[in-house]
Trainee: 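I'd like to ask some things about the structure below.
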Amino acid sequence: MAPLISIKNGDGPCLLLGGGNHGDEFEGQIALRNLAHELNPNDVSGQVILVPAINLPAVLNNSRCSPLDDKNINRLFPGDRHGTITEKIASFIYDELVQRADYVVDLHAGGRSMHTACYAQMHRYEEPEKTNATLELMKAFAVPIGLLYDTEPDVHGNLDTVVEELGKPFIAVELGGSGTVSPQSVAITMRGVHNVLVHCGIVRGQIDQGEGPTAIMGVPSGGFVIAEDHGIFEPFVDLGDVVEPGQPVGQMHSVQRPDRKPIVHHIEEGGQVICRRTIGLTTHGDYLYFVAVPLDAGI
Ligand code: ZN
């Protein structure tokens, strides 16, 4: 039994809001529970579906993946109703919730191992009008940065991908991380979910732009840094720092052989650091950093 709240009244669009897709990311889990108490059904035109614990076993285990089958639900969509428990949950969300939604917003953070700036992200659609509609939804969430991806290396099975394939506006939002939650990150999330309710025409009100309009940015292909070896990672730069192409951003120390020189990691392309690994012990292939750059005109 996973918690699910539906508030429906009159005519209007359907907004699906998800949290707890990864169990160790808390802003969405909290904001959607708050929203369930705050929303008066009489103020709703349409339907709001709140899923504060998309992967409930992972939420209960404070982990990214489910402890029942060791699966990351965000690589399993559209799911399999005859599969493992996490595949079954993904199938229910896709078949029963995504199908009836007009807009989908999935609330994330960096989990226990990463910390992110507050940013929303979306992918470009084949049809420009769908890209524009999703851009407007992303701006309405009112976080400082909105990432527009043309493509990403790891999209198979993401909730993003299956919603986009249906042509529906989808944004994911990253709101902090390191396995923590703060009053500020919850406040930003609450502002964002209220804003999207107004933007979608489900609740009347004004959009609160917060600290200003969202800057639309992109992640350059050389804007990721991935661990080259197992070890203890020492960061040189932090969230918000602006790094230059080729700049050393950290180094990896051998755990058992401190006599070996640490491996210095460089970033290929420059930009503003919007995500960094926050725990030392690291394995070959783990993400360490990524950066974003302002997108030129012609979005
Ligand atoms: Zn996540």
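Atoms within a ligand are numbered from 1 in the order they appear, just like the ligands themselves. All residue numbers in this chain count up from 1 along the given sequence.
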Trainee: Considering the Zn ion (ligand 1), could you give the total of protein N/O/S atoms lying closer than 2.8 Å?
Mentor: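 If we list every protein N, O or S atom nearer than 2.8 Å to the Zn ion (ligand 1), we get 4.
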Trainee: Any chance you could measure Glu164, atom CD, to Tyr125, atom OH, to the nearest 0.5 Å?
Mentor: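 Reported to 0.5 Å precision, the distance equals 4.5 Å.
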Trainee: In this structure, is the centre-to-centre distance between the rings of Phe224 and Tyr289 below 6.0 Å?
Mentor: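 Here the rings of Phe224 and Tyr289 have centres that are no less than 6.0 Å from each other.
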Trainee: Taking side-chain contact (heavy atoms from CB on, under 4.5 Å) as the criterion, tell me which of Thr180, Asn62, Asn61 meets it with Asp24.
Mentor: Asn62
Trainee: Can you tell me which residue among Leu16, Leu137, Leu15 is in a side-chain contact (heavy atoms from CB on, under 4.5 Å) with Val104?
Mentor: Leu16
Trainee: Taking all non-hydrogen atoms of both residues, which atom of Leu281 and which atom of His230 are closest, and how far apart?
Mentor: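 So the minimum-distance heavy-atom pair works out to CD1-NE2, 4.0 Å.
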Trainee: Kindly indicate, with the supporting measurements, whether the criterion side chain to side chain donor-acceptor pair (under 3.5 Å) is fulfilled by Ser178 and His115.
Mentor: CA-CA 5 Å; Ser178 309; His115 209 99; 2.6 Å; yes
